[in-house]
Amino acid sequence: MHFDWKIFLTALGLAFILEGLPYFLAAEKMPEVLRALSERKPRELRVLGMTAMLAGLLLIFVLRAAN
């Protein structure tokens, strides 16, 4: 099995861009958003995280199946 570092680092770079986007576009709202997230129960955050991961996995699966 060959590990493609170029694809991995490209995906990591894209993740950094997507993670930084809300801070750049709505910096004044971020403290409120982070405060609201900090008030959620750990289980809710896990469900939110798992949902985001599954949506990403589904998107990758669909896009790779289309090629």
Side-chain angles (χ1 to χ4, degrees):
M1 181 177 179
H2 174 70
F3 188 81
D4 192 337
W5 282 98
K6 186 175 180 180
I7 290 176
F8 174 74
L9 292 175
T10 300
L12 188 59
L14 182 58
F16 285 149
I17 290 169
L18 293 175
E19 286 287 329
L21 206 55
Y23 295 95
F24 179 75
L25 295 177
E28 59 282 340
K29 286 286 272 181
M30 287 312 292
E32 182 182 329
V33 170
L34 294 174
R35 203 170 8 265
L37 283 173
S38 73
E39 294 170 358
R40 290 187 181 258
K41 295 178 182 167
R43 183 174 175 1
E44 292 177 41
L45 294 174
R46 283 190 183 96
V47 169
L48 183 64
M50 180 61 78
T51 302
M53 289 189 299
L54 290 173
L57 187 61
L58 180 63
L59 179 63
I60 290 169
F61 178 77
V62 167
L63 290 174
R64 291 192 56 103
N67 286 335

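Because the structure is predicted, anything quoted here is derived from the model rather than measured. Sequence positions, counted from 1, serve as the residue numbers for this chain.
- Rounded to the nearest 0.5 angstrom, Leu9 CG and Leu14 CG are separated by 12.5 Å.
- Put simply, the side chain of Val62 reaches to within 4.5 Å of the side chain of Leu58, judged on heavy atoms.
- Nearest heavy atoms, Leu37 versus Leu48: CD2-CD2, 4.4 Å.
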Identify all side-chain donor-acceptor contacts of residues 24-33 below 3.5 Å with residues at least two apart in sequence or on another chain.
none

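- Clustering of Ile, Leu, Val, Met, Phe, Trp and Tyr side chains at separations under 4.5 Å places Leu54 together with Met50, Met53.
- Every residue two or more places apart in sequence or in another chain that forms a side chain to side chain donor-acceptor pair (under 3.5 Å) with Arg40 is listed here: Glu44.
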